[in-house]
S.K.: 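To start, I am sharing the structure in question, which I have written as structure tokens.
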Amino acid sequence: LSQDRQNGALAALMRRIAPEQFLALATELCLTKQFAPDWARDTLLALSSQERSMIFEKAWAAFRPELDQKFSTVVIGACANREQTLQLVREWLQMHTAEKADPEARTRYDAVRYMLANVPGDDLVSVVLELVRDAEHGEAEELIKLVSHRIGPEPDRARDDNPWLPTNE
């Protein structure tokens, strides 16, 4: 068996035998590892939207770039709800125009950018449409670029469990 299949089989067994401990382990891995295993990602993305948003809050509240903390921006970004996406976009706008010579500021900016690349597409479009109405020209342009980069021709980024593109609803 390949390593992925063995890990998947072990994860399925652990999920069945000790579901609470399994969820705790999946959460811990996504909160402490930059590249969480697929089974951990799948476990968190299968949670309710309220549970996912709580995980996002926990990760974001604990994030300290000066401590060189790592977390799975792919998973944590996908856990964000609309309000959290709005929070990320506002922070990104503020940081996007600021000087990022400080390594800690750069690390935080990169984390925000990577999470925005994985937030639900519908929420991102909704937030951008809300913010662009009152934005100055330069800010509006950056907001539009944020969405256009998400919907550009990059098929390798799309995943079925975390759709890159917004839905047609």
Side-chain angles (χ1 to χ4, degrees), residues 1-92 95 104 106-128 146-147 149-169:
L1 286 176
S2 72
Q3 185 71 19
D4 289 340
R5 288 185 71 193
Q6 287 176 339
N7 288 343
L10 183 60
L13 177 64
M14 187 176 168
R15 178 184 295 126
R16 200 169 48 250
I17 293 172
E20 290 178 14
Q21 292 86 351
F22 179 76
L23 177 58
L25 178 60
T27 303
E28 182 67 21
L29 287 171
C30 291
L31 292 175
T32 61
K33 302 288 184 200
Q34 188 173 8
F35 302 104
D38 289 347
W39 64 263
R41 180 198 71 216
D42 295 344
T43 299
L44 294 192
L45 295 182
L47 295 173
S48 72
S49 60
Q50 184 178 6
E51 292 169 314
R52 288 191 315 268
S53 68
M54 289 171 53
I55 289 170
F56 175 91
E57 284 300 325
K58 184 176 181 179
W60 198 238
F63 180 55
R64 300 288 177 269
E66 67 274 9
L67 301 177
D68 195 32
Q69 289 177 312
K70 303 284 188 230
F71 62 91
S72 176
T73 54
V74 170
V75 178
I76 301 305
C79 287
N81 63 26
R82 188 191 182 285
E83 288 304 310
Q84 293 160 335
T85 299
L86 177 61
Q87 172 189 348
L88 285 173
V89 171
R90 284 184 172 149
E91 185 162 348
W92 175 81
M95 296 170 75
E104 293 167 10
R106 183 68 199 181
T107 299
R108 187 167 183 93
Y109 175 76
D110 287 343
V112 169
R113 217 167 33 94
Y114 294 140
M115 283 192 290
L116 282 172
N118 291 283
V119 298
D122 295 342
D123 289 342
L124 181 63
V125 169
S126 172
V127 164
V128 167
L146 186 62
V147 172
H149 289 187
R150 281 283 298 262
I151 61 176
E154 300 181 45
D156 61 315
R157 286 184 167 171
R159 290 198 328 259
D160 291 336
D161 61 340
N162 181 19
W164 188 245
L165 298 174
T167 62
N168 291 329
E169 295 177 9

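Side chains included, hydrogens not; waters and symmetry mates left out as well; all remaining heavy atoms used. Just so you know, residue 1 is the first one in the sequence shown, and it goes up from there.
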S.K.: Check side chain to side chain donor-acceptor pair (under 3.5 Å) between R82 and all other residues, then give those that pass, not counting sequence neighbours.
M.R.: S126, E130
S.K.: Quick one: which residue pairs count as a salt bridge (Lys or Arg N to Asp or Glu O under 4.0 Å) with a foot in residues 45-54, not counting sequence neighbours?
M.R.: none
S.K.: Does the side chain of M115 come within less than 4.5 Å of W92's, by heavy atoms?
M.R.: no
S.K.: In the structure I gave you, are the side-chain heavy atoms of E91 and L88 within less than 4.5 Å of one another anywhere?
M.R.: no
S.K.: Which atom names give the shortest non-hydrogen contact between S72 and A36, and what distance separates them?
M.R.: CB-CB, 4.2 Å
S.K.: When the side chains of residues 25-35 are checked against the rest of the protein, which donor-acceptor pairs come out under 3.5 Å, sequence neighbours left out?
M.R.:
residue	atom	partner	partner atom	Å
T27	OG1	L23	O	2.8
T32	OG1	E28	O	2.7

S.K.: Identify every side-chain donor-acceptor pair in residues 53-61 under 3.5 Å, counting partners at least two apart or on other chains, and give the distances.
M.R.:
residue	atom	partner	partner atom	Å
S53	OG	S49	O	3.4
S53	OG	Q50	O	2.9
E57	OE2	Q84	NE2	2.9

S.K.: Just how far is it from atom CG of D123 to atom CG of L86, taken to the nearest 0.5 Å?
M.R.: 10.0 Å
S.K.: Run the side chain to side chain contact (heavy atoms under 4.5 Å, CB included) test on T107 and F63 for me, step by step, so that the C-alpha distance in whole Å, both residues' side-chain angles and the decisive distance to 0.1 Å come before the verdict.
M.R.: CA-CA 10 Å; T107 299; F63 180 55; 4.2 Å; yes
S.K.: Return the minimal non-hydrogen interatomic distance between L116 and T85, and the atom names on each side.
M.R.: CD2-O, 4.4 Å
S.K.: What pair of heavy atoms forms the shortest contact from V75 to L45, and how long is it?
M.R.: O-CD2, 4.4 Å
S.K.: Got a sec, which residues hit side chain to side chain donor-acceptor pair (under 3.5 Å) with R113, two or more places apart in sequence or on another chain?
M.R.: D110
